[in-house]
Amino acid sequence: MTATALIWFRDDLRLRDNPALQAALDADLAPLPVYIHAPHEDGTWAPGAASDAWRHRALHALDADLRERGSRLHVFAGDSLAVLQSIADATGAAAVFWNRRHEPAIDARDTRIRRALRSAGLRAEAWNGSLLFEPWQVETRGGEPFRVFTPFWNAAQRAWNPRAPRPAPDTLPPAAALRGETTIDALALQPTRGWDAGFWQRWTPGERGADAALRAFIADGLQDYSAGRDLPAASLTSRLSPHLHFGEISPWRIVAELAAAGAPEERSAYVRQLAWREFAQHVLHHFPHTTDANFNLRFNDFPWAAADPQLLQAWQRGRTGVPLVDAGMRELWATGWMHNRVRMVAASFLSKHLRMHWLHGARWFWDTLVDADLANNTLGWQWVAGTGVDAAPYFRIFNPVLQARKFDPQGEYIVRWIPELRGLAPGARHAPWLATGAGRAATGDYPASPIVDLAEARTAALAALNPGSRS
Ligand code: FAD
């Protein structure tokens with residue numbers, strides 16, 4: 001190998017099936033792994049605290065995997081273009097390769113960087129490392145972006161073109177220390193107050209953690225995925241979301257491993273969920289303003305309630321008095337993750353029963369989820385709030401008690417996160433304010449009733465949607 005290619009790692013923290021890394025090896029260029037900490041370049045959606053905590057560990061894991069192969073991660077902080085140019089000058093690199101990210105601010109930055117590097121005579125190229133399809137690859141017959149999931153997925157299936165995942169390289173060339181390098185620890189990504197301490201019994205950031213999660217899912221979850229994925233008390237979903245967000249596993253590799261696992265119907269159900277992730281990226285790419293603005297303009301005049309700090313805090317802390325909502329919000333705080341069904345119920349409660357703008361919830365999730373992902377989070381919140389593409393209509397308001405009865409019939413999930421309710425009979429855990437007797441007395445300082453009357457709040461939300469229907 002002669003010339004060097006900088007491999008600019010971002011949200012693709014893996015060595016297996018990494019197209020940018022592979023392209024350097026295929027071109028007989030010596031890969032020099034680089035990570036640049038530049039949260040100021042993420043615009044108004046710089047990573048939140050839980051993402052930083054995850055990234056700290058994921059970077060260490062990547063560095064360890066590189067060291068096993070004779071290389072290591074060269075870490076910098078600052079302006080990405082300036083850092084890349086200075087490393088290229090110092091090493092005489094011929095190329096800079098990376099895998100794409102589609103967040104609007106990053107996309108614009110990367111375009112600027114590619115132009116600048118190319119005009120400086122470098123080969124600057126980006127690959128698709130994170131998606132089954134690039135966001136622009138699937139379009140309507142009229143060449144328009146999709147706004148509805150099912151036709152998007154139908155078109156995506158017609159364009160289905162799996163690529164065989166590539167293995168990680170066995171060895172990589174060593175590189176000397178570079179001027180201006182810092183360390184992962186010096187980036188200070190770990191929370192100072194240690195609120196994340198409980199996360200790491202459940203999560204192992206990095207490529208090995210992703211691999212273990214996939215194996216565990218294939219062994220224990222896949223067979224029951226379609227029936228079990230809505231049950232928050234069961235562990236039947238893959239929990240791959242943070243690993244996918246940080247690019248610790250490639251979606252094509254997941255598809256390939258599932259294909260080898262049998263269970264074709266369950267596999268299809270799972271791949272359909274992966275396709276929601278693709279759809280979210282498609283929507284973000286074509287409608288980048290939706291990170292902060294309603295997709296459906298009708299909601300620009302919607303009378304959201306003022307964000308009462310006490311009500312917002314009760315929601316954030318899991319003290320609304322509505323058990324399924326509170327269990328989810330406590331799971332989020334304790335583990336950095338929340339089950340999808342409960343995300344929908346908790347988001348609906350905030351945007352409909354409390355009638356707060358969905359951005360208040362999206363921002364909280366952004367800061368506290370280890371899988372915080374601008375495309376998925378935006379789509380999820382706008383879907384629930386009824387303001388987005390292919391959204392649940394606003395008038396469909398999740399009833400958090402009925403949802404709990406249906407998806408957590410024994411209240412197992414509820415008492416896992418709200419131990420105050422353990423003394424109640426299983427059937428009473430969904431709406432403790434209706435319970436009587438000794439169990440009720442033992443619910444400690446759990447709110448005696450919901451912070452809003454559920455029926456009245458529902459009526460008020462519907463009236464806000466259709467002011468004429470109030471009379
Ligand atoms: P599985 O059921 O195992 O699904 C496999 C993968 O498919 C997931 O890892 C994820 O990448 C993708 N996926 C599944 N469901 C969805 C979906 N509805 N939309 C998009 N992709 C999906 N997901 C995030 O990754 N990051 C977020 O910030 C995020 N915010 C959300 C906010 C709200 C209000 C809602 C309702 C959903 C949000 N989701 C988000 C989607 C979903 O809740 C999570 O992807 C899922 O719970 C992750 O768990 P899992 O990996 O076990 O999922």
*Asks:* Check each of V322, L402, V325 against V345 using the side chain to side chain contact (heavy atoms under 4.5 Å, CB included) test, and report the only one that passes.
*Replies:*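 By the side chain to side chain contact (heavy atoms under 4.5 Å, CB included) criterion, V345 pairs with just one of V322, L402, V325: V325.
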*Asks:* Looking at residues at least two apart in the chain, or sitting in another chain, which of them share a side chain to side chain contact (heavy atoms under 4.5 Å, CB included) with Q316?
*Replies:*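 Per chain and number, Q316 pairs via side chain to side chain contact (heavy atoms under 4.5 Å, CB included) with L312, Q313, W364.
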*Asks:* Does the side chain of R55 come under 3.5 Å of the side chain of Y35 through a donor N or O and an acceptor N or O?
*Replies:*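 Yes, because at least one side-chain N or O of R55 sits under 3.5 Å from a partner of the opposite role on Y35.
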*Asks:* Under 3.5 Å, side chain of R416 to main-chain N/O of A233, donor-acceptor pair present?
*Replies:*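 Yes; at least one donor-acceptor contact below 3.5 Å.
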*Asks:* Which word best sums up how the rings of F217 and Y270 line up, parallel for under 30°, tilted for 30 to 60°, or perpendicular for over 60°?
*Replies:*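 Ring orientation, 0 to 90° scale: tilted.
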*Asks:* Measure from NZ or CZ of R239 to the centre of the six-membered ring of W337 and say whether it is under 6.0 Å with the direction within 45° of the ring axis.
*Replies:*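 Yes, a cation-pi geometry.
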*Asks:* Output yes when D52 and R57 qualify as a salt bridge under the 4.0 Å nitrogen-oxygen rule, no when they do not.
*Replies:*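 No.
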*Asks:* Are more than 12 heavy atoms from other residues, nucleotides or ligands located less than 6.0 Å from atom CG of D26?
*Replies:*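 Atom CG in D26 is packed in, count exceeds 12.
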*Asks:* Determine whether the aromatic ring centres of residues H243 and W54 are separated by less than 6.0 angstrom.
*Replies:*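 W54 vs H243: aromatic centres under 6.0 Å.
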*Asks:* Look up atom CG in N300 and atom CG in N294, then write down how far apart they are to the nearest 0.5 Å.
*Replies:*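 N300 atom CG to N294 atom CG measures 5.0 Å (nearest 0.5 Å).
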*Asks:* Okay, side chain of D373, backbone of N377: is any donor-acceptor separation there less than 3.5 Å?
*Replies:*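 Side chain of D373 to backbone of N377, a donor-acceptor pair under 3.5 Å: no, none is there.
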*Asks:* Report the distance from atom CZ of R277 to atom CG of L240, rounding to the nearest 0.5 Å.
*Replies:*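 One gets 10.0 Å once the value is rounded to the nearest 0.5 Å.
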*Asks:* Determine yes or no for a side-chain-to-main-chain donor-acceptor pair under 3.5 angstrom, with K352 supplying the side chain and V384 the backbone.
*Replies:*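 Confirmed, K352 side chain pairs with V384 backbone.
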*Asks:* May I ask you to decide if D17's main-chain N or O and R14's side chain share a donor-acceptor pair within less than 3.5 Å?
*Replies:*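 Such a contact is found between R14 side chain and D17 backbone.
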*Asks:* Near R396 CZ, under 6.0 Å, is it more than 12 heavy atoms from other residues, nucleotides or ligands?
*Replies:*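 No, the 6.0 Å shell around CZ holds no more than 12 heavy atoms from other groups.
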*Asks:* Tell me, please, whether W252 has R166 positioned over its six-membered ring: NZ or CZ under 6.0 Å from the ring centre and within 45 degrees of its axis?
*Replies:*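 No.
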*Asks:* Flag the pair E103 / D11 as yes when at least one side-chain heavy-atom distance between them is below 4.5 Å, and no otherwise.
*Replies:*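 Sidechains of D11 and E103: in contact.
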*Asks:* Answer yes or no: is there a donor N or O on one side and an acceptor on the other, between the side chain of S351 and the main chain of R355, under 3.5 Å?
*Replies:*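 Pair absent, no side-chain N/O of S351 close to backbone of R355.
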*Asks:* In this structure, are over 12 heavy atoms from other groups packed under 6.0 Å from R202 atom CZ?
*Replies:*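 Counting neighbours around CZ of R202, more than 12 heavy atoms of other residues, nucleotides or ligands fall under 6.0 Å, so yes.
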*Asks:* Should D65 and R16 count as an ion pair when the cut-off is N to O under 4.0 Å?
*Replies:*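 Answer for the salt bridge query: no.
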*Asks:* Between D12 and R101, is there a salt bridge with N-O shorter than 4.0 Å?
*Replies:*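 No.
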*Asks:* Using a 3.5 Å distance criterion without hydrogens, assess whether the side chain of S348 forms a donor-acceptor pair with backbone atoms of M344.
*Replies:*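 No, the answer is negative, given that no donor and acceptor are paired below the 3.5 Å cut-off.
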*Asks:* Taking R109 first and then E41, would you say they form a salt bridge - that is, a charged N and a carboxylate O separated by under 4.0 Å?
*Replies:*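 Yes, this pair counts.
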*Asks:* Look at the aromatic rings of H60 and H56 and report parallel, tilted or perpendicular, splitting at 30° and 60°.
*Replies:*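 Rings of H60 and H56: perpendicular, over 60°.
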*Asks:* Find the distance between CG (L379) and CG (L374) and round it off to the nearest 0.5 Å.
*Replies:*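 Between atom CG of L379 and atom CG of L374 there are 11.0 Å.
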*Asks:* Classify the ring geometry of F133 against W160: parallel below 30°, tilted from 30° to 60°, perpendicular beyond 60°.
*Replies:*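 If you compare the ring of F133 with that of W160, the planes turn out tilted.
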*Asks:* Determine, for R429 against E412, whether the closest basic-nitrogen to carboxylate-oxygen distance falls under 4.0 angstrom.
*Replies:*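 No, no charged N to carboxylate O under 4.0 Å.
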*Asks:* May I ask you to decide if the ring planes of W366 and W45 are parallel, tilted or perpendicular, using 30° and 60° as cut-offs?
*Replies:*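 Judged by the thresholds at 30° and 60°, the geometry between W366 and W45 is perpendicular.
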*Asks:* Once you round to the nearest 0.5 Å, how far does OG of S268 lie from CD of Q273?
*Replies:*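 The CD atom of Q273 is 12.0 Å from OG of S268, to the nearest 0.5 Å.
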*Asks:* Does the distance from a Lys or Arg side-chain N to an Asp or Glu carboxylate O, for R363 and D367, drop under 4.0 Å?
*Replies:*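 No, this pair does not count.
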*Asks:* For the backbone of D326 and the side chain of W315, can you confirm whether one donor and one acceptor N or O come within less than 3.5 Å of each other?
*Replies:*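 Answer holds: no.
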*Asks:* Where does the angle between the aromatic ring planes of Y394 and W304 fall among parallel (under 30°), tilted (30 to 60°) and perpendicular (over 60°)?
*Replies:*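 Perpendicular.
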*Asks:* Could you measure the distance from the CG atom of N399 to the CZ atom of F349? Nearest 0.5 Å is fine.
*Replies:*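 CZ of F349 is found 11.0 Å from CG of N399.
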*Asks:* Determine the interplanar angle of the F398 and W383 rings, folded into 0 to 90°, and report it as parallel if under 30°, tilted if 30 to 60°, perpendicular if over 60°.
*Replies:*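 Answer is tilted, since the angle falls between 30° and 60°.
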